[in-house]
Amino acid sequence: MTLESYHSLQFHLDKQGKEILWKLARWTKTLGSINFCLGLFNGVVALPLIYSDSKMLLIMIPSLIISGILILMGLQLNKASLNIKTSILNENDHELFNALTKIQRFFFFSSLLYLIGFILLFLILSLGGPLKEGIQNPSVVTISRDLKS
């Protein structure tokens, strides 16, 4: 049995296939909206850090980069959802190809976000000790009590 290679990919959808694509469009829209809202929230929280001291500036810059990536991820998924719906309604394989391209970009941005997170985690863990930030001695806790009856 030999496999034939095709020069183009063709999708023949029945009722079940269209239903699955509609569900995919709804979930990409939902996840895109969540990513977009998280990006906006992260950006709004990070912007007031501009006016604080220089140590907070080190937190603000990565936060704004991450919020920008989250917004881009949300936009890619929302556009992909629209492309999927258009491809179903017009039975246009080019729109489905555009949707898959946008979903691929979402995964690229997601990988980039994880990579930035791992780098920041490594920097925090490696520079946290020399900067002596955080809890000084968590094992010693003093409790003051008023002994008056």
Side-chain angles (χ1 to χ4, degrees), residues 6 8-146:
Y6 295 98
S8 67
L9 182 62
Q10 297 179 2
F11 295 101
H12 300 284
L13 294 177
D14 54 358
K15 184 178 178 182
Q16 183 183 10
K18 287 183 181 182
E19 185 177 315
I20 289 172
L21 281 179
W22 275 110
K23 287 179 183 178
L24 177 65
R26 281 195 310 244
W27 280 110
T28 54
K29 179 78 170 177
T30 302
L31 186 59
S33 299
I34 290 171
N35 276 308
F36 187 80
C37 290
L38 283 175
L40 281 179
F41 178 75
N42 193 16
V44 167
V45 169
L47 281 179
L49 296 176
I50 292 174
Y51 302 110
S52 22
D53 60 348
S54 63
K55 289 182 182 177
M56 291 307 233
L57 192 63
L58 292 173
I59 295 172
M60 190 238 2
I61 293 171
S63 291
L64 287 178
I65 291 171
I66 289 171
S67 68
I69 291 173
L70 282 169
I71 290 171
L72 283 175
M73 288 169 59
L75 290 175
Q76 289 298 318
L77 284 183
N78 285 334
K79 290 176 187 176
S81 175
L82 183 63
N83 286 124
I84 292 170
K85 290 176 183 176
T86 306
S87 73
I88 295 169
L89 293 174
N90 297 338
E91 296 182 6
N92 186 347
D93 59 347
H94 185 68
E95 289 291 325
L96 187 59
F97 176 77
N98 287 340
L100 292 175
T101 302
K102 287 175 178 61
I103 292 172
Q104 182 268 332
R105 284 188 201 139
F106 166 78
F107 283 117
F108 170 76
F109 287 133
S110 182
S111 300
L112 185 65
L113 192 64
Y114 283 123
L115 182 64
I116 290 171
F118 285 133
I119 290 171
L120 289 176
L121 180 65
F122 176 75
L123 287 174
I124 289 170
L125 291 177
S126 64
L127 296 177
L131 293 177
K132 296 185 183 194
E133 294 293 327
I135 300 173
Q136 297 296 326
N137 192 354
S139 63
V140 177
V141 177
T142 58
I143 298 174
S144 64
R145 299 173 85 187
D146 189 12

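Every value quoted in this text rests on a predicted model; they were computed, and no experiment measured them.
- The list of salt bridge (charged side-chain N to carboxylate O under 4.0 Å, His left out) pairs with a residue in residues 80-91, not counting sequence neighbours, reads Lys18-Glu91.
- The stretch residues 94-123 participates, sequence neighbours left out, in no salt bridge (charged side-chain N to carboxylate O under 4.0 Å, His left out) pair at all.
- A distance of 9.5 Å separates CZ in Phe107 from CD in Gln104, rounded to the nearest 0.5 Å.
- Val45 has its side chain within reach of Phe41: a pair of non-hydrogen atoms, C-beta onward, lies under 4.5 Å apart.
- Side-chain contact check for Leu31 versus Trp27: every heavy-atom pair is 4.5 Å or farther apart.
- Note that CG of Leu113 is 10.5 Å distant from CZ of Phe118, once rounded to the nearest 0.5 Å.
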Between side-chain atoms of residues 60-82 and protein atoms elsewhere (two or more places apart, or another chain), which donor-acceptor pairs fall under 3.5 Å?
residue : atom : partner : partner atom : Å
Ser63   : OG   : Ile59   : O            : 2.9
Ser67   : OG   : Ser63   : O            : 3.3
Ser67   : OG   : Leu64   : O            : 2.9
Asn78   : ND2  : Gly74   : O            : 3.3
Ser81   : OG   : Ala25   : O            : 2.7

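- With a 4.5 Å cut-off on side-chain heavy atoms, Leu21 and Leu96 count as touching.
- The main-chain N or O of Asn92 is never found under 3.5 Å from a side-chain atom of Asn90 such that the two would form a donor-acceptor pair.
- One distance of note links OH of Tyr114 with CG of Leu121; it measures 14.0 Å at 0.5 Å rounding.
- Panel note: side chain Thr28, backbone Leu24; a donor-acceptor pair is recorded below 3.5 Å.
- Ionic pairing of Lys23 and Glu19 is present here: one or more N-O contacts between side-chain nitrogen and carboxylate oxygen are shorter than 4.0 angstrom.
- A donor-acceptor pair under 3.5 Å is absent between the side-chain atoms of Asn42 and the main chain of Leu38, judged by distance alone.
- Here the straight-line distance linking atom CD1 of Ile88 with atom CD1 of Ile84 works out to 7.0 Å at 0.5 Å rounding.
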